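These numbers were taken from a predicted model, which means no experiment stands behind them.
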Amino acid sequence: MTVERIVVAGASGFIGRRLVESFRADGATVSVIGRGAADARWGDHAGIARLVDGADLLVNLAGKSVNCRYTPSNRAEILRSRVDTTTQLARAVRAAASPPPLWINSSTATIYRHADDRPMTEADGEIGSGFSVDVATAWEQAFFADELPGTRRVALRIAIVLGDGGALTPLKWLARLGLGGPQLDGHWPTSRSRRAAGTDHRFGTPGGRQRFSWIHLDDVVGIVRFLRGHPELDGVVNVTSPNPTDNRGFMRTVRYVLGMPVGLPAPRWLLEIGMSVLRTESELVLKSRWAMPERLLQAGYRFEHPTLDPALRDILSDRGLPAHPEHR
């Protein structure tokens, strides 16, 4: 029996660790590319080429976390860590005698505009503007830049991933401290330099009604597996639950699952102060992200965690609470 060879770049992250664990549980030989302890490190072009040549699957999840302040140095590294790594992999795939038949590259649903009027699908989604969108666009351009006739490529436009860790961790602790109310957008002064860099968040949706597209970590892994068996899927694919919510509804469900009866809301002025202290950006909670997985649904993917309340209870609680009334 032939043992599959799988290469995962950026395997030390939240998604990468779970993916590597899952493939190794299948008995596959999984090699990793990264900065630390890895089978090949970035910049080692010969080592990367050896791993990629003959691989059955290449998955790239590399990229500096956007959970930081968008200083000039951080902005440069966010962009470089995505575009340069993708370009290195493209070089290896192009040079391979036996290129991987499938290359899956991470992208982000943040590429779409601030949307509270309608969902963004792969067919009719509108690309937004600003620093985060510019990064996502450059990332996908690097991924699809060259002709690679022997390799099918899929860019995963991933929504906010929910699991034991990642973006859910600070929101969980806010809820437990009684601060798990909605994050409320509003007008906020900004500097000329931030406007020029596209890092200022402009007031968009009041009342905590900014849309919140999400995906359970189990379904990210499930979708990667699903794509392998569906050669008709290439190009961009939205990786998000078919049942998005909004910020107010999301935080309410987090509180319910954790058994917290109240949660104080966070107005824009308080968010900006808190985000500055925490060295991150308010855009991460105030941008209205509304994406739908149209292509996955059309191809027949069945979500393991399609609705929010059971998904959060799977991650946060085993107390057997009844479903939130909105999800009954």
With Ala95 via side chain to side chain contact (heavy atoms under 4.5 Å, CB included) - residues at least two apart: none
Arg157 bridged to Glu122 by N-O distance under 4.0 Å: no
Exercise: identify the closest heavy-atom pair between Ala142 and Thr86: C-CG2, 4.0 Å
Least distance between heavy atoms, Ala11 atom then Val32 atom: CB-CG1, 3.5 Å
Polar contact flag, side-chain donor to acceptor under 3.5 angstrom, Asp309-Tyr256: no
Asn247 side chain reached by Asp185 side chain, heavy atoms, under 4.5 Å: no
Ring geometry between Trp103 and Phe143 (parallel below 30°, tilted from 30 to 60°, perpendicular above 60°): perpendicular
Close side-chain approach of Asp26 and Glu4, heavy atoms under 4.5 Å: no
Closest heavy-atom pair and its distance - Ala291, Ala109: CB-CB, 4.3 Å
Validation row: Leu286, Arg268 side chains within 4.5 angstrom (heavy atoms): yes
Sequence neighbours excluded, every pair satisfying salt bridge (charged side-chain N to carboxylate O under 4.0 Å, His left out) that has a member inside residues 289-303: none
Lys/Arg-Asp/Glu bridge criterion (N-O < 4.0 Å) met for Arg209, Asp246: yes
Side-chain donor-acceptor pair present, Thr245, Arg252, cut-off under 3.5 Å: no
Trp139 and Ser106, any side-chain heavy atoms less than 4.5 Å apart: yes
Flag, side chain of Glu281 to backbone of Tyr70, donor-acceptor distance under 3.5 Å: yes
Student check: side-chain heavy atoms of Glu126 and Met120 closer than 4.5 Å: yes
